[in-house]
Amino acid sequence: MIFARSLAGQSRPGPRRYRAAQGGWGRNNNDGVNHVSTPKTSFAADDGQEVLDLGAIFAIIWRGRLLILLCVLLGLAFGVWRGFIAAVPLYGAEVQLVLDPRDEKVVDIESVVSSLSATDEVIRTEVHILGGRELGGQVVDRLNLVADPEFNMLLRDPGFDPVQSLKDAIKTILGMEVYQITGDPDPAFLREKVIQTLLSNVEVVNIPDTFIFSIWVLSENPFKAAEIANAFADIYVENQVAVKLDVTAQATGWLAERVTELRGQLEKNERRVAEIRAQADVTSPAQLIGLENRLISLRSALSERSEEVASRASAQAELSAVQTEADQRAAARRFGYGALMSRASDPQTGWRAVLAQAARDLREAETKEQAIRTSMAELEITIATQSDALTEIVQAERDAESSRLLFENFQNRLRETSMQVGLQRADSRVISRAFPPDRPALPQKSRILILSVFFGGFIGTVLVVALQLTRARLHSASQIANITSVPVIAVLDQFTQKVRPEDAAALGPQTRDGEAIRNLRTSLLMARDDVPPQVVVFTSAESGDGKSTLSAAMAHNIAQIGKSVLLIDGDIRRHYLSNPLANGNQHPGLSDVLSGKVALADAILPGALGQVDILPAGTVSGSAADLLSQGGLPDLLAEVRNHWDVIVIDTPPISVVPDARIIGRHADLLILLAQWNTTRQSVFADALRQLEQGGRSPDGIVLTKVKAGRKPLYGPARRSHDNYYRG
């Protein structure tokens, strides 16, 4: 089936491929102008911005629906295998604990170990502790999970495990270490592996906006799952109490050592105070003050005695200097010795008595002065000694008091800590114990199937898009329109059966494929209204696009309307048309005519394809491009134009050899074929550039081998495609 496109529907703004007076998409080769257009390499909006063509993406996905469906089926098969065959049912048991942030005190004393505060940091820390290796190791030891085959891989059946084998293969590819345990492994290493396996089946979460922790445990046995979950909770609570008791015991022991040490220090300081008091005979600072007052009195008395000694020494000196009796009597009376002078029997005896008494008074005053000085010296020594002793006593008493205070404080702290040993409780408590579940939690079969189908479809879609983007194949007329302004004149479905050139006669009017060829024939013959095209050249960007079959079918269909048709095999190298139609290309043909070996009449095979005459490719001894370029081709085409109404030429692919560009310069219509979802976009664009560089752009493009759906029929009674064409 073909879809004839009008010029307005296929052309984009730019150079036209037709003359406006003709109203078609052909060209007039006699106008002397090379109609060349530049291939379009990108699709942009009017403002220059790149446009994402969602329709093209959906079209790509739709064309790859079979691959996507295959991936979906594979994903579904994997999901069925994983969820219903390979997966081991796992039962989930849950235990819940609550963190109690209240700080209830039985006695009004400061706790050695305070309760946990309910901050976010504390809650996250407790979650990690619950799921940590230390707690997991205690659960393993308590329940002896090392002897459980579910957690100890060495006790499992060594049969083939495809999942584990796949994991090991992936680890090997990624360069990760794969543990191969042989012989008797180290018990510590084995215990760590069991802990790792256990923790992989344990999940600890904090319920948002609460102080509740949930411990979820998976196991192949429902009773074992509940037992493990409860063991986690019990050991966690026991550990909290044990940690507090251990800290309290350590504090009690340390306090007891400090109390004993302080008691000894206190006793030592008190003995030192007593010894200092006994040695210095000092009872209090008041006694030292009394001694200092006494010293002050002695100093005052010494001053008086010193003045008295000075006065008596002066009196003695004056008395000793008096010579006359009258002066002696006056001096005696002045210094208080007048009575002694009067009692004397004579003045001389009285004067001697006065002098003797003055000398005695001076000696007595000096003696008293010396006694005071001696007392002062002794008292100063005593005060200094007592002051030092008192200072030492005060320091010793301070040390003793400090020791007493520390001793009493630590003794009270020890008493309080000892009371806390029996008052410690855990910061968490179990509010919901785990019970054996009645149904497995994993695998979630419906979820596995949905995800398998989803990922299968996703992978299939990615593959389809990736393949399409990497290959960049032509898949629609709109895509071709984005590359070039050359119109797509037909879109041909893939033939219902493989048709070779020699089978072109089978595409008769009673077949669907034959009707598609006739529609294309009509488009070609009506391409130029003034002068119908006579030389029609078919070529393609790559091989395998169906140009040889289409050339033979088109020649056969044109011959059916009463026109004389010559089919020329222009593919001199491969001669795909000549092999079945010219007895293995043993007959002379185009190359022989161009080289002058034979005449045209001797090379023609009349009626070789129904009513179509054929000019085979012939034999080539040199370069085909050189042979076509020597100048004989225009003369040959001029000659055949005089004998046949239409000349159809099949040429090799443009991307392989230059033959099509050489022959196309002399064609009335040059038709370029592109195979749907096979011809590469880059190769197609390169073929357009090569043609235009040779001065001849194609006049139309045919998209071949399109896998399209069936087209709607005309009329309610037409229920069969074949019946429509036979009607």
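Note that the structure is predicted; figures quoted are calculated from it, not measured. The figures that follow rest on heavy atoms only: side chains count, while hydrogens, waters and symmetry mates do not.
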Which distance, rounded to the nearest 0.5 Å, do you find between the CD of Glu192 and the CG of Leu190?
-> 10.0 Å

Gln357: side-chain hydrogen bond (donor to acceptor under 3.5 Å, both in side chains) partners, not counting sequence neighbours = Arg360, Asp361

Any chance CD of Glu134 has more than 12 other-residue heavy atoms, nucleotides or ligands included, within less than 6.0 Å?
-> no

For Leu463 against Cys71, the heavy-atom pair lying closest together | CD1-SG, 4.1 Å

Considering only NZ, NE, NH1 and NH2 on the basic side and carboxylate oxygens on the acidic side, decide whether Asp141 and Arg191 come within less than 4.0 Å.
-> yes

Return yes if a side-chain donor-acceptor contact under 3.5 Å exists between Gln138 and Asn239, otherwise no.
-> yes

Closest non-hydrogen atoms of Leu291 and Thr382, given as atom of the first, atom of the second and distance, are CD1-CG2, 3.9 Å

Mind checking the CD-CG spacing from Glu126 to Asn206? Nearest 0.5 Å is all I need.
-> 11.0 Å

Residue set satisfying side-chain hydrogen bond (donor to acceptor under 3.5 Å, both in side chains) with Asn409, at least two apart, ordered chain then number -> none

One should read off an interatomic distance between Gln96 CD and Ile212 CD1, to the nearest 0.5 angstrom, of 6.0 Å

For salt bridge (charged side-chain N to carboxylate O under 4.0 Å, His left out), just list the numbers for Arg398 and Glu401, CA-CA rounded to whole Å, side-chain angles, deciding distance to a tenth of an Å, and then say yes or no.
-> CA-CA 5 Å; Arg398 289 178 180 174; Glu401 184 64 22; over 6 Å; no

Mind running side-chain contact (heavy atoms from CB on, under 4.5 Å) on Ile215 and Glu94 for me, showing each step along the way?
-> CA-CA 6 Å; Ile215 305 176; Glu94 181 186 19; over 6 Å; no

Ignoring hydrogens and geometry, is there a side-chain-to-backbone donor-acceptor pair from Ser375 to Ala371 under 3.5 Å?
-> yes

Side-chain touch Arg272/Lys268, heavy atoms, less than 4.5 angstrom = no

Donor-acceptor contacts under 3.5 Å from residues 222-231 side chains, at least two apart:
from: Lys224; atom 1: NZ; to: Asp148; atom 2: OD1; distance (Å): 3.2
from: Lys224; atom 1: NZ; to: Asp148; atom 2: OD2; distance (Å): 2.7
from: Lys224; atom 1: NZ; to: Glu150; atom 2: OE1; distance (Å): 2.8
from: Asn230; atom 1: OD1; to: Ala434; atom 2: N; distance (Å): 2.9
from: Asn230; atom 1: ND2; to: Ala226; atom 2: O; distance (Å): 3.1
from: Asn230; atom 1: ND2; to: Ala434; atom 2: O; distance (Å): 3.1

Are the side chain of Thr125 and the backbone of Glu121 linked by a donor-acceptor contact shorter than 3.5 Å?
-> yes

Can you sort out the partners of Arg263 under side-chain contact (heavy atoms from CB on, under 4.5 Å), two or more places apart, ordered by chain and number?
-> Val259, Thr260, Glu267, Phe407, Gln411

Salt bridge (charged side-chain N to carboxylate O under 4.0 Å, His left out): which pairs involve residues 448-462, sequence neighbours left out?
-> none

State the CD-CZ distance between Glu366 and Arg312, to the nearest 0.5 angstrom.
-> 11.0 Å

Given side chains that start at C-beta, do those of Ile123 and Phe211 come closer than 4.5 Å, heavy atoms only?
-> yes

Who pairs with Ser200 by side-chain hydrogen bond (donor to acceptor under 3.5 Å, both in side chains), at least two apart in sequence or on another chain?
-> none

Correct closest heavy-atom pair for Leu99 and Ser428 would be CD1-OG, 3.6 Å

Closest non-hydrogen atoms of Ala313 and Leu362, given as atom of the first, atom of the second and distance, are N-CD1, 3.5 Å

Results of side-chain contact (heavy atoms from CB on, under 4.5 Å) for Ala87 - residues two or more places apart only | Arg82, Pro443

Asp234 vs Arg142 side-chain heavy atoms within contact, under 4.5 Å = yes

May I have the list of side-chain donor-acceptor pairs in residues 444-458 shorter than 3.5 Å, sequence neighbours left out?
from: Gln444; atom 1: OE1; to: Arg447; atom 2: NH1; distance (Å): 3.4
from: Ser452; atom 1: OG; to: Ile448; atom 2: O; distance (Å): 2.6

Decide yes or no on side-chain contact (heavy atoms from CB on, under 4.5 Å) for Phe213 and Val127, but give the supporting numbers first.
-> CA-CA 7 Å; Phe213 301 104; Val127 168; 3.5 Å; yes

Would you check if there is a donor-acceptor pair between the side chains of Glu408 and Asn412 at a distance under 3.5 Å?
-> no

Heavy atoms, side chains only, cut-off 4.5 Å: are Gln328 and Val354 in contact?
-> no

Rounded to the nearest 0.5 Å, what separation is found between the OG1 atom of Thr197 and the CG atom of Leu145?
-> 10.0 Å

Checking ring-ring contact (aromatic ring centres under 6.0 Å, His included) for the pair Phe410/Trp254: CA distance, chi angles, key distance, verdict?
-> CA-CA 10 Å; Phe410 274 83; Trp254 183 80; 5.7 Å; yes

Hey, mind stepping through Val205 and Trp216 against side-chain contact (heavy atoms from CB on, under 4.5 Å) and telling me if it holds?
-> CA-CA 8 Å; Val205 296; Trp216 181 266; over 6 Å; no

From Asp438 atom CG to Tyr91 atom OH, the distance as rounded to the nearest 0.5 Å | 9.0 Å

Applying side-chain contact (heavy atoms from CB on, under 4.5 Å), run through Thr252 and Leu255 and close with a yes or a no.
-> CA-CA 5 Å; Thr252 302; Leu255 288 173; 5.8 Å; no

Exercise answer: donor-acceptor pairs, residues 298-307 side-chain atoms, under 3.5 Å, sequence neighbours excluded:
from: Arg299; atom 1: NH2; to: Glu380; atom 2: OE2; distance (Å): 3.4
from: Arg305; atom 1: NH1; to: Glu308; atom 2: OE1; distance (Å): 2.7
from: Ser306; atom 1: OG; to: Leu302; atom 2: O; distance (Å): 2.8
from: Ser306; atom 1: OG; to: Glu369; atom 2: OE2; distance (Å): 2.8

Side-chain heavy-atom pair Arg429, Val237 within 4.5 angstrom cut-off | no

With sequence neighbours left out, the residues meeting side-chain contact (heavy atoms from CB on, under 4.5 Å) with Thr374 are Gln370, Glu378

Got a sec, which residues hit side-chain hydrogen bond (donor to acceptor under 3.5 Å, both in side chains) with Asn269, two or more places apart in sequence or on another chain?
-> Ser403

Ala331 meets the side-chain contact (heavy atoms from CB on, under 4.5 Å) criterion, sequence neighbours left out, with Leu319, Val322, Arg334, Trp351

Taking every heavy atom of Leu442 against every heavy atom of Leu218, the minimum-distance pair comes out as CD1-CD1, 3.4 Å

Note: Val430 and Arg433 closest approach over all heavy atoms is CG1-CG, 3.7 Å

